[in-house]
Peer 1: 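Quick one: this structure, given as structure tokens, is what I'll be asking you about.
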Amino acid sequence: MPETTRRADRANGSRYGNRPTMKDVAARAGVGLKTVSRVVNGEPGVTPDTERRVREAIEALGFRRNDSARVLRKGRTASIGLVLEDLADPFYGPLSRAVEEVARAHGALLINGSSAEDPEREQELALALCARRVDGLVVIPAGDDHRYLEPEIRAGVATVFVDRPAGGIDADVVLSDNFGGARDGVAHLIAHGHRRIGFIGDMPRIHTAAERLRGYRAAMEDAGIPVAEGWMSLGATDPERVRRATEEMLAGPDPVTAVFTGNNRVTVTVIRVLAEYDRPVALVGFDDFELADLLQPGVTVVAQDAAALGRTAADRLFQLLDGAPGTPERLELPTRLITRGSGELRPAD
């Protein structure tokens, strides 16, 4: 913008980039600064006529109270940060919403961002939120070393991890029963006659993937079923990798008759692959997903309560902010097996 235009805008009273202050309100209403402060903060000691003039000035100027300055004087910024794995993943929608609702109930603003499953990006985002003086963090970890947060926690930034535990530090964490849920899902397939059961999961370094694999192994061991090496595949959840793993398990003279999938993204790809086969293959997936009940057959899932995870983590965060004593807690929420048909198919051979 040319300087002449900027000068003209200022001369014409343009306030773009220059918000009105309480001093502006006081000048327009013809009152003192303290009077405006009392009206803005709902304090007593102002006559009805004076309050009316102040509110008219506020409306005319478009004044908004500077909550940042207000809360900083009280030692809190009334904001918390949420570090997610992937904003596009439907699992994190209800989790994020639950955290936001708890924050709102405490008069706090939620600021969130995605690590894209990159540990360096997670650290960068978490520290950027701390630099903006958030009161606390809810973190879904991408990495396994969170010692970078130790100075922030010592400085008073309350921190709760959710879905996966922190690495290298003692911190509060809220988890689903990944091991028990996977064990129950695989045991359900075994109860319906399956002995050759494949497992397709996420990256093995991820806590949830490792726990669900452990649950799969435990269910097979409990039933006395040896696990062939070709029945397990962990790695990236991209469709090409999952498709290849599924096709390999379904090939050969002794293909698997059932598949247990480690998360909803894997499940969706496996469903597409199974639709191309003539023979029925049973399927149980970890994580529920939209329209799973409308497919034919409906998809049997081990459901975790994402909203409860978020709500529990946020509740714990505000307990810490309010001075809750004690050592860090590990809270584990139960999962639920939802039977819809795909997990109840019996083996064809």
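In this chain, numbering begins with 1 at the start of the sequence shown.
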Peer 1: Any sub-3.5 Å donor-acceptor pair from Thr335's side-chain atoms to Ala303's backbone N or O?
Peer 2: no
Peer 1: Just to verify, which of Val134, Leu129, Leu110 counts as forming a side-chain contact (heavy atoms from CB on, under 4.5 Å) with Ser79?
Peer 2: Val134
Peer 1: Determine which pairs satisfy salt bridge (Lys or Arg N to Asp or Glu O under 4.0 Å) with at least one residue from residues 305-319, sequence neighbours left out, and list them in order.
Peer 2: Asp172-Arg316, Arg316-Glu329
Peer 1: Tell me, do Thr208 and Arg164 make a side-chain contact under 4.5 Å, heavy atoms counted?
Peer 2: yes
Peer 1: Under a 4.5 Å cut-off applied to non-hydrogen side-chain atoms, are Val266 and Phe286 in contact?
Peer 2: no
Peer 1: With a 4.0 Å cut-off on N to O distance, would you call Glu221 and Arg217 a salt bridge?
Peer 2: no
Peer 1: Applying side-chain contact (heavy atoms from CB on, under 4.5 Å) between Ile271 and each of Leu274, Val273, Thr267, report the one that passes.
Peer 2: Thr267
Peer 1: Could you check if a side-chain atom of Glu344 sits within less than 4.5 angstrom of a side-chain atom of His188, using non-hydrogen atoms only?
Peer 2: yes
Peer 1: Students often mix this up, so state it plainly: with edges at 30° and 60°, are the rings of Phe199 and Tyr216 parallel, tilted or perpendicular?
Peer 2: tilted
Peer 1: Between Arg244 and Ser233, do the side chains contain a donor N or O and an acceptor N or O under 3.5 Å apart?
Peer 2: no
Peer 1: Tell me, do Leu250 and Arg279 make a side-chain contact under 4.5 Å, heavy atoms counted?
Peer 2: yes
Peer 1: Take a 6.0 Å sphere around CD of Glu290 and say whether it holds more than 12 heavy atoms from other residues, nucleotides or ligands.
Peer 2: no
Peer 1: Taking the side chain as C-beta and beyond, is there a heavy-atom pair between Glu120 and Glu124 under 4.5 Å?
Peer 2: no
Peer 1: CG/Leu333 to CG/Asp177 distance, rounded to the nearest 0.5 angstrom?
Peer 2: 9.5 Å
Peer 1: Any side-chain heavy atom of Leu213 within less than 4.5 Å of one from Pro204?
Peer 2: no
Peer 1: Considering only residues two or more places apart or on different chains, which pairs with a residue in residues 90-133 satisfy ring-ring contact (aromatic ring centres under 6.0 Å, His included)?
Peer 2: His106-Phe318
